[in-house]
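Chain A is the first sequence line, chain B the second, and so forth, proteins listed ahead of strands; every chain is numbered from 1.
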Protein chains: 4
Amino acid sequence: MSEHEDEQLVGEYPSLPKQKRSQQKRDALLESGRALFIEKGYEQTNAKEIASHAGVATGTFYRYFTDKRQLMMSLLEDQLEKLLPPEPNWTNVDPESFFATLLEQHYKRLNRLGLHRVLPELLLKDSQLAEVVAEARNKIHARILMSLKNAREQGIIWDDLDLDTVSWSIMVLSDKIPEKMTECGNQVDYCELAKVICRLVFPPDVLQQLKLNIK
Amino acid sequence: MSEHEDEQLVGEYPSLPKQKRSQQKRDALLESGRALFIEKGYEQTNAKEIASHAGVATGTFYRYFTDKRQLMMSLLEDQLEKLLPPEPNWTNVDPESFFATLLEQHYKRLNRLGLHRVLPELLLKDSQLAEVVAEARNKIHARILMSLKNAREQGIIWDDLDLDTVSWSIMVLSDKIPEKMTECGNQVDYCELAKVICRLVFPPDVLQQLKLNIK
Amino acid sequence: MSEHEDEQLVGEYPSLPKQKRSQQKRDALLESGRALFIEKGYEQTNAKEIASHAGVATGTFYRYFTDKRQLMMSLLEDQLEKLLPPEPNWTNVDPESFFATLLEQHYKRLNRLGLHRVLPELLLKDSQLAEVVAEARNKIHARILMSLKNAREQGIIWDDLDLDTVSWSIMVLSDKIPEKMTECGNQVDYCELAKVICRLVFPPDVLQQLKLNIK
Amino acid sequence: MSEHEDEQLVGEYPSLPKQKRSQQKRDALLESGRALFIEKGYEQTNAKEIASHAGVATGTFYRYFTDKRQLMMSLLEDQLEKLLPPEPNWTNVDPESFFATLLEQHYKRLNRLGLHRVLPELLLKDSQLAEVVAEARNKIHARILMSLKNAREQGIIWDDLDLDTVSWSIMVLSDKIPEKMTECGNQVDYCELAKVICRLVFPPDVLQQLKLNIK
DNA sequence: AATGAATGAGCATTCATTCAT
DNA sequence: TATGAATGAATGCTCATTCAT
């Protein structure tokens, strides 16, 4: 079992590549790593494969990364933040179409990154990574929660639901519904999902009002 | 990488154990497998460890299972069905406390089985398994959906939401919210979560009425 | 670079072999390790070769030893003590023939063990081992020195030489002369070497007297 | 494992460096090689490290040397001869102080070169090198032996010892005593060692006489 | 049936050497 | 000439699986 308590998240590169060509190779390795992790799973992928998929020799992998794990970390660091949702201004938008668009974008982004499919496997054995991911999730959750609090002050959302639970629900529905439905062979209807999420937030009459305000 | 396209789901046991002692060993192996998969992850656990944790020799493992994978399959087969929710009769229960109880039980069951933590890792590389799980999920989904359809005929639920989406939402919220909140260090309040789920289903006034009917 | 500060000299076996066959395999591995270390040098020998020379699979090597290093340590531990010279009683023996016999035995033993040829290489990089060997050498040196001190009290050895230096000289001559001469293609004449060593210890007239006393 | 049976001892330089800069680089590489071989052992040192220690690129190493081995050879060739002891004129010197000085110088030189610490490792696997070293040792031995023979003709040394054995003893004591004593944590007293060596050569009364002759 | 020693293919990693720049 | 990134064969070690006892 490998030990890595004292490493930073991404750590030093074995040697910092300075030339253009180098950066290209590093990128190719990252991209190949991502593709293979998603395709076959983290554990099922090895450094040799990543290298050969990237069109470089095995040894080259180790010039740029100390480890399969470090490559994974680099991938995550780059991209976890990109998942932060934009701050909505509820009075200016049709919440349903706002959410529908947001959901679709979000899921496309998730799919592009793809790493969410390998995360569960990793979180189980890399508690350091688990922390990083938990922190990122908490950040997203906090932003949603704040949004909801503002909305409540404006009196435009249900007043009998616990906002913390609502925001976690929104997160989970955004992340997992498309995943589960796809897994089970169904198509995701982002509009319907948006409606469901809106129902968690807005009483139907308020929602109606908001829609009217825009036009 | 082992090939197993043509195998059945669980396959023949290398020899069908008919005697008590045998059955005990098989059970011990299953239990040890489950414990270790949950504790360390599927990939990180090996047959030798499972055997020694179960107090038998390595070779004995292979008398009862062809494979770590087959043991996993057996674990899943046994237990996926147990997750089917009971058919509720909405006119007889307070939906909120019904859901709260259901959720808590469900999550406790999930935790007892524990395997949901290893599933994502497996689904990625074992499409046969993925199908089994998808089927089980679809079964649960179908039952929830039917419930909702009955309720709609009774006119007691929102009439503008897509029932398919709603039932997926209920499933996902039941499965994932507790997981995510625990991962991120929050306590789950099953009552609040039940209220949120109820809001997806029942208009507040109907819910009020249902509660009154009981008493 | 491997870390092994906290290990004992030989350490735990990966698993203690209890059966006869096992012990035979372990012995075969030790013997093959010794033969190959001597033949090709420590660094030039790898676990796979040792295993195949011993007629077992690579993995079997690792059942009995954690490491090439551990095998080496086992070899040394067994045998360093065997090099302790017997305590001589100068009044009972002809020193020259005593030394001649001793030298020949000693060198044959060294050659049988053979490990002295690989030691210098190891001492350079394994300070823990270096300590063990230094300790063993000091033990031998101490015994020789004590012998000499007794002899000096009996007034039978040169009184103007530093006994510490003399005993180191005896050790070095015993160990290294045969080695160097062989390396350079000369035959060792143990009788002549014994005479030289005796000259370091006994004045010629005393030696004469000692020889007479015996007969 | 590289093959080099058909190479000459040192071989052609990949390109004969004629310019100053080149010679400086070559020297820097030699010096770095020596330093690292001594510090970490021959096997533990690689070309990349030598190059980087010498402040040049990896590839540059291979412009000047075909091999780590060739660099080693160059180091040895340069310096083995330097170990030749001067021809003493016994009638002009105090043998004890002559030897004491000689020993100290010799050991300092050995330490400066340092390579004697890596030699044993190399001799084992490079029989060509072993020959070179054996030849150098034989040369030194021959010179000592000749010295002793002259002295014997002058009747100033023990007449009952085998001169061949004595000269090997002198060599071994000169080379190894300081090494062993240092290894075992003792200080070397060159004067005492000189006295011991003198005892191997000169009868005490002759030595006394030689000392008197000088003053 | 049960055991656990033995197997050897497979993976992560290193490093001597080459070669495009 | 000089560079250092790239190469890929070789090494140490693991582990799923077999099989003699």
Side-chain angles (χ1 to χ4, degrees), chain A residues 1-2 14-15 17-22 24-26 43-52 55-69, chain B residues 1-2 14-15 17 19 21-22 25 45-52 55-69, chain C residues 1-2 14-15 17-22 24-26 43 45-52 55-69, chain D residues 1-2 14-15 17 19 21-22 25 43-52 56-69:
Chain A
M1 206 98 321
S2 67
S15 108
K18 281 148 200 161
Q19 304 176 355
K20 277 185 205 166
R21 289 277 302 264
S22 290
Q24 283 172 9
K25 298 231 159 151
R26 198 183 120 90
E43 210 55 56
Q44 280 67 47
T45 304
N46 64 38
K48 202 170 191 171
E49 283 172 303
I50 297 173
S52 107
V56 302
T58 318
T60 306
F61 178 95
Y62 290 95
R63 165 167 290 281
Y64 294 101
F65 303 96
T66 57
D67 223 304
K68 184 170 70 159
R69 182 178 171 268
Chain B
M1 203 92 328
S2 68
S15 119
Q19 304 171 354
R21 286 279 300 266
S22 291
K25 295 215 168 162
T45 302
N46 63 39
K48 198 173 188 173
E49 284 172 303
I50 297 174
S52 107
V56 301
T58 320
T60 307
F61 177 96
Y62 288 92
R63 171 160 296 280
Y64 292 101
F65 303 95
T66 58
D67 221 314
K68 183 168 72 158
R69 182 176 167 269
Chain C
M1 203 96 326
S2 67
S15 109
K18 282 148 199 161
Q19 305 176 355
K20 278 183 204 167
R21 288 275 303 266
S22 290
Q24 283 173 11
K25 297 232 158 147
R26 199 183 119 90
E43 210 55 55
T45 304
N46 64 36
K48 207 170 189 169
E49 283 173 303
I50 296 174
S52 105
V56 301
T58 318
T60 306
F61 178 95
Y62 290 96
R63 166 168 290 281
Y64 294 102
F65 304 95
T66 57
D67 224 302
K68 183 169 71 159
R69 183 178 170 267
Chain D
M1 205 91 329
S2 66
S15 119
Q19 304 170 358
R21 287 279 299 266
S22 291
K25 294 212 169 166
E43 210 56 54
Q44 279 68 46
T45 303
N46 63 40
K48 197 173 191 173
E49 283 173 303
I50 296 173
S52 108
V56 302
T58 320
T60 307
F61 177 95
Y62 288 93
R63 171 160 295 282
Y64 293 102
F65 303 95
T66 59
D67 221 315
K68 183 169 72 159
R69 182 177 168 268

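- Among dT3(E), dA6(E), dT7(E), the nucleotide with an atom closest to any side-chain atom of K25(C) is dA6(E).
- Not one side-chain nitrogen or oxygen of R63(D) sits closer than 4.0 Å to the OP1 or OP2 atom of dT1(F).
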Task: Base-pair map of DNA chain E as dot-bracket, where | denotes pairing with a different strand and pairs are Watson-Crick or G-U under 3.5 Å - done: .||||||||||||||||||||
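- E49(B) has its CD atom 12 Å from the C1' atom of dT14(F), to the nearest Å.
- DNA chain E is contacted by both V56(C) and V56(B); V56(B) maps to the nucleotide lying nearer its 5′ end (nearest heavy atom per residue).
- Residues passing the side-chain contact (heavy atoms from CB on, under 4.5 Å) test with T60(D), sequence neighbours excluded: K25(D), V56(D), A57(D), Y64(D).
- Nearest heavy atoms, F65(A) versus R26(A): CE2-NH1, 3.3 Å.
- For the pair K48(B) and T58(B), the tightest heavy-atom approach, listed with the atom from each and the gap, is CG-OG1, 3.8 Å.
- Between Y64(C) and dA6(E), a side-chain N or O to OP1/OP2 separation shorter than 4.0 Å is present.
- In this structure, CZ of R26(A) is placed 20 Å from P of dG4(F), rounded to the nearest angstrom.
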Could you list all N or O pairs between the protein and nucleotides 12-15 of chain E that sit under 3.5 Å apart?
unit_1	atom_1	unit_2	atom_2	d
dA12(E)	OP2	A47(A)	N	3.4
dT13(E)	OP2	Y62(A)	OH	3.0

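- Here the shortest heavy-atom pairing between F61(D) and I50(D) reads CE1-CG2, 3.9 Å.
- Distance I50(D) CD1 to dG4(F) C1': 17 Å, rounded to the nearest Å.
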